[in-house]
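Below, all heavy atoms of this structure are taken into account, side chains as well, without hydrogens, waters or symmetry copies. Every chain is numbered from 1 and lettered A, B, ... according to where its sequence line falls, protein lines coming before strand lines.
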Amino acid sequence: MESQEGTLPLGSLNIEQLQNVQKSTEQEVQSLTEQLTQLTTAQQRILSSKRLAKEFGKQPEGKEILLPLSGSVYVQGKLCDTSTAMVDLGTGYYALKTLEEAEEYFQRRAAVIKDNVDKGTQALVQRRQMYEAVTSVLQQKMAAAQRQGAS
Amino acid sequence: MGSMAKTKSELEKVIAEVRDMQKDVGKITNQQINLNSQLTENRLVEQELSLLKDDAEVFKLIGPVLIKQDLLEAKGNVSKRINFITSEMKRTDDQMALLEQKQETKRKQIMDLQMKLQEQAKQGAVQ
C-alpha cells in the first residue's frame with residue numbers, strides 16, 4: 001500500500017502524525033470536490049450559451065419577442081439582426097461577434113474548463129486514494145496500540 | 001516563583017503574537033488566491049482580445065450600460081491590469097516571506113522561553 005504512495009512511508013509515522021495527514025487530506029478532498037462542482041456549473045453555463053448562440057441563428061428576422069427589462073417587466077421587440085451576438089469576454093469586456101465566432105469562442109472556453117475538470121478529477125482520485133491509504137494504516141496502528149495496551 | 005510567572009506571561013505574549021501572525025498569513029493567502037484568479041481571468045480576456053479582428057467592436061460594461069471601446073485601448077487596459085496584478089502578487093509574496101521569517105524567530109523565542117520555564121520549574125522543585 002505504502003509503496004503506491006511513492007516517497008511517503010506511511011508506516012513510519014506515528015498515530016498523531018497520521019491523524020494530521022488524514023485531516024489535511026480530507027480537507028483537500030473537500031476543497032477539490034467543491035472546485036469541481038463550480039467548474040462543472042461553469043461548463044454547463046458555457047455549453048448552454050454555445051447551444052443558444054446556435055439556436056438564435058435559426059430564428060427568422062422580424063420575429064416578435066419579449067425583452068425582459070427587469071425580472072418582472074417585459075417589452076415587445078423584434079429581432080432585426082440574427083447574425084451577431086454580444087459576447088461576454090470577462091472582466092467587463094464584451095465583443096460583438098458573428099454567431100459562428102461566438103460558437104468558436106464558447107468552444108474554446110469549454111475546452112479550457114474541460115482541461116481543468118480533467119486535472120481536478122485526477123487530483124481528486126489521487127487524494128482519495130491517499131486518504132484511504134492513510135485511514136487504513138491509521139486503523140492498523142490504532143488496533144496494534146490497543147492490543148499492546150491490553151496485554 | 002515570581003520569575004516563573006514572569007516567564008509564563010512572556011511566553012503567553014509571544015504565543016498570542018504568533019497567533020496574530022497566523023491570522024495575517026490567512027489574510028494574505030486569501031489575497032493571493034484572489035489575485036491569482038483575477039490574473040487567470042485577465043489572461044483569458046487578453047487572449048480573446050488578441051484573437052479579435054482589428055475592426056472588431058468591443059464594449060465595456062460600466063454599471064448597467066455597455067460603452068463602446070477602442071480595441072487597442074481595451075488591449076492596453078487589460079495588459080495594464082495584468083501588470084498591476086502581477087506587481088500586487090509580488091508584493092504579497094514579499095509580505096508572506098517576511099511574515100514567515102518573523103514567525104520563525106518567534107517560534108524560536110517560544111522554544112527558548114519554554115526551556116527557560118522548565119529550568120525555572122526544576123530549580124523551584126530543588127529549593
### Task
Identify whether L36(A) and L47(A) are in the same connected component of the hydrophobic contact network (ILVMFWY, side-chain heavy atoms under 4.5 Å).
no

### Task
Tell me whether L10(A) is reachable from V29(A) by hopping between hydrophobic residues (I, L, V, M, F, W, Y) whose side-chain heavy atoms are closer than 4.5 Å.
no

### Task
Provide the closest heavy-atom pair for G90(A) versus V45(B) in the form atom of the first, atom of the second, distance.
O-CG2, 3.5 Å

Go through chain B and chain A and list any donor-acceptor pairs closer than 3.5 Å, backbone and side chains both.
unit_1 : atom_1 : unit_2  : atom_2 : d
E41(B) : OE2    : T91(A)  : N      : 3.1
E48(B) : OE1    : R108(A) : NH2    : 2.8
E48(B) : OE2    : R108(A) : NE     : 2.9
E48(B) : OE2    : R108(A) : NH2    : 3.3
K53(B) : NZ     : E101(A) : OE2    : 2.8
E57(B) : O      : L96(A)  : N      : 3.0
F59(B) : N      : Y94(A)  : O      : 2.6
F59(B) : O      : Y94(A)  : N      : 2.7
K60(B) : NZ     : T91(A)  : O      : 3.2
L61(B) : N      : G92(A)  : O      : 2.7
R81(B) : NH2    : T91(A)  : OG1    : 3.4

### Query
Would L61(B) end up clustered with L96(A) when hydrophobic side chains under 4.5 Å apart are linked, directly or stepwise?
yes

### Query
Should I113(A) and V87(A) be counted in the same cluster of Ile, Leu, Val, Met, Phe, Trp and Tyr side chains packed under 4.5 Å apart?
yes

#### Entry: Pairs where residues 90-99 of chain B contributes a residue and the test side-chain hydrogen bond (donor to acceptor under 3.5 Å, both in side chains) is met, not counting sequence neighbours
Q32(B)-D93(B), E88(B)-R91(B), K90(B)-D94(B)

### Task
Against chain A, label L66(B) side chain, backbone, both or neither, depending on which of its atoms sit under 4.5 Å from a heavy atom there.
side chain

### Message
Tell me whether M89(B) shares a hydrophobic cluster with M96(B), the cluster being built from Ile, Leu, Val, Met, Phe, Trp, Tyr side chains joined at under 4.5 Å.
### Response
no

### Message
Under 4.5 Å from any heavy atom of chain A, what part of A56(B) do you find: side chain, backbone, both or neither?
### Response
neither

### Task
Answer with side chain, backbone, both or neither: which region of L51(B) has an atom nearer than 4.5 Å to a non-hydrogen atom of chain A?
side chain

